[in-house]
Q: 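Shown below is the structure under consideration.
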Amino acid sequence: MARERLYLFDTTLRDGAQTNGVDFTLADKLAIAAMLDDLGIDYVEGGYPGANPTDSELFGKDRDLKTTFTAFGMTRRPGRSASNDPGLAALLDATADAICFVAKAWDYHVKVALETTNEENLASIRDSVKAAKAKGREVLLDCEHFFDGYKANPTYALACAKAAYDEGARWVVLCDTNGGTLPHEVEEIVGAVCKVIPGDHVGIHAHNDTEQAVANSFAAVRAGARQIQGTLNGLGERCGNANLVSLIPTLKLKPEFAEKFDINVSDAALKKLAHVSHALDERLNRAPHRHAPYVGDSAFATKAGIHASAIMKDPATYEHVAPDTVGNRRKVLVSEQAGKSNVLAELERIGLKVDKDDPRIARLLEIVKEREAIGYAYEAADASFDLLARRTLGTVPSYFDVTQFDVNVEQRNNARGEKVTVTMAVVKVRVGDENMISAAEGNGPVNALDLALRKDLGKYQKFIDDLKLIDYRVRILNGGTEAVTRVLIESEDKTGERWTTIGVSPNIIDASFQALMDSIIYKLVKLKAPA
Ligand SMILES: [Zn+2]
């Protein structure tokens, strides 16, 4: 039997950006969009062009993505024509494949929040869809408060959805904006909508206020909806949105869905899911949720005892799916064998070919374990893991040696009598037989150190001229006076390749120095600079 296509729509960069404490930079948005694209998400909603400089810049760019990159914004304002609404104009001008409009679908909101008539709200939906279609965009309509609106006035809620569909919107998305609707209600209401609008034009956008956003999304699919909207790790305002990281494996691995539906996430992409989830947390400087379904560190962890011994005999005894299908690992008091296969999987992921029986792999595993115990997190720092693996397998040349560095931070009064903090770094480097000394001022100790370090590397300078630091993240581990600092640095070169390196030390400058060194050396290794 042919399977039906089910579409996934990610709104991490728009609704997810509403999360308390989350503030995406342009670089964050581009990196996350690339991860989602790589995963095979059909639609990536980038943000709200015209609403803030980051989103305007994002939508001013051409992006090399396969996904349908979607701009979000409001339908034309009541009482204005579509051609005389600056907000709508910004949306129509955005470089995007699709436009997702949000409109009221609850008559109570139309009256109280929008202060307009039901008919004017319908006209605004029709005009906006028409204007976007005329611009050649695929159109979606988010029906805000659809479920509460349907309970209050089903005829009007349906009329809003129908207005967009009749005008040619590809998708009408039913939003549980307040997140309080229960699965059986979602199933019943979506079922009623699908009698009026074909299910392959109906989407679900669920919030998690009763911890059932994922269940509500599945309820909508059972009732006929064929698009699911959600976010990575369930980011989103209040209690978050439906978590795509939980939805995707269920759709791929549970027969109820896998036998009926095709999604654009391949089996190979599914294996990257744990990595994607953790990479997002690292980017947000958050500790990954250990007990997250499928991808959490503890999702397949079993303490010793009868469960563990049964799992050793046959993993299916206590596992609902195989951990490697989602890129996670089984943890049963990490046996040497299990640890080794983890390291082998990592080596394969970064593209380093090693014989699986090479005895140095056991040594690498030992080093990784020791280092992770003191705070290194190699899952978040591919380039540092790459170097560690190459060093252990004996293939990194020693290009240069930093024989000494000195960072000086001074607060003093300037000529105008204002208090200023001045930072200067001096670095002594030995390249072959040459000794070099460089000094630089920076807007902080790490910046000064970075500038001094990269100022003169002699014959290697030409290899690192295009190296750019694009992100710097610090996390203090285990708190208190004994705390150690973990620094993650993300770098980029003119080819657009990005890599992340790590440093750990009780001293933040030292941790930063390690990460800076790894970044430079990784770049030299990548370009096969002659030793
Ligand atoms: Zn929402």
Side-chain angles (χ1 to χ4, degrees), residues 7-24 29 32-33 36 41-49 51-52 55 68-75 91 96 98-106 108-110 113-114 125 128 139-151 157 160-161 164 169 171-183 185-186 189-190 193 202-221 225 227-247 280 284:
Y7 294 83
L8 297 176
F9 182 109
D10 178 277
T11 181
T12 305
L13 303 179
R14 200 273 301 171
D15 231 0
Q18 303 299 317
T19 315
N20 255 352
V22 167
D23 192 13
F24 293 127
K29 286 204 164 193
I32 294 166
L36 291 163
I41 304 298
D42 300 289
Y43 296 82
V44 171
E45 191 169 56
Y48 203 157
N52 62 66
D55 287 359
T68 303
F69 201 73
T70 307
F72 174 88
M74 284 187 289
T75 51
L91 196 52
I99 293 178
C100 182
F101 288 109
V102 57
K104 306 282 181 203
W106 185 358
Y108 164 71
H109 268 261
V110 172
L114 220 50
I125 292 172
S128 306
V139 185
L140 301 92
L141 182 82
D142 272 3
C143 298
E144 199 184 53
H145 299 294
F146 186 84
F147 295 91
D148 299 306
Y150 187 93
K151 288 182 203 169
C160 294
W171 292 102
V172 175
V173 182
L174 313 179
C175 301
D176 186 24
T177 309
N178 293 354
T181 311
L182 302 175
E185 299 173 310
V186 169
I189 294 172
V190 173
V193 173
V202 174
I204 177 74
H205 176 112
H207 279 263
N208 202 31
D209 299 71
T210 71
E211 185 86 343
Q212 298 187 90
V214 167
N216 279 344
S217 304
F218 290 134
V221 170
Q227 185 196 95
I228 301 177
Q229 299 201 343
T231 58
L232 287 177
N233 295 347
L235 284 191
E237 203 167 22
R238 307 188 310 273
C239 316
N241 287 50
N243 185 357
L244 286 177
V245 175
S246 299
L247 281 157
L280 179 72
L284 295 173

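Atoms within each ligand, like the ligands themselves, are counted from 1 in listed order.
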Q: In the structure I gave you, are the side-chain heavy atoms of Leu174 and Val190 within less than 4.5 Å of one another anywhere?
A: yes

Q: Does any non-hydrogen side-chain atom of Thr70 lie less than 4.5 Å from one of Phe9?
A: yes

Q: Using the rule salt bridge (charged side-chain N to carboxylate O under 4.0 Å, His left out), only one of Asp10, Asp55, Asp23 pairs with Lys29; which is it?
A: Asp55

Q: If we ignore angles and hydrogens, is there a donor and acceptor under 3.5 Å between the side chains of His145 and Asp176?
A: no

Q: Find out whether Cys100 and Leu141 are in side-chain contact, i.e. whether some heavy atom of one side chain is under 4.5 Å from a heavy atom of the other.
A: no

Q: Does Asp142 come within less than 4.0 Å of Lys104, counting only side-chain N to carboxylate O?
A: no

Q: Show all protein N/O/S atoms under 2.8 Å from the Zn ion (ligand 1), or state that there are none.
A: Asp15 OD2, His205 NE2, His207 NE2

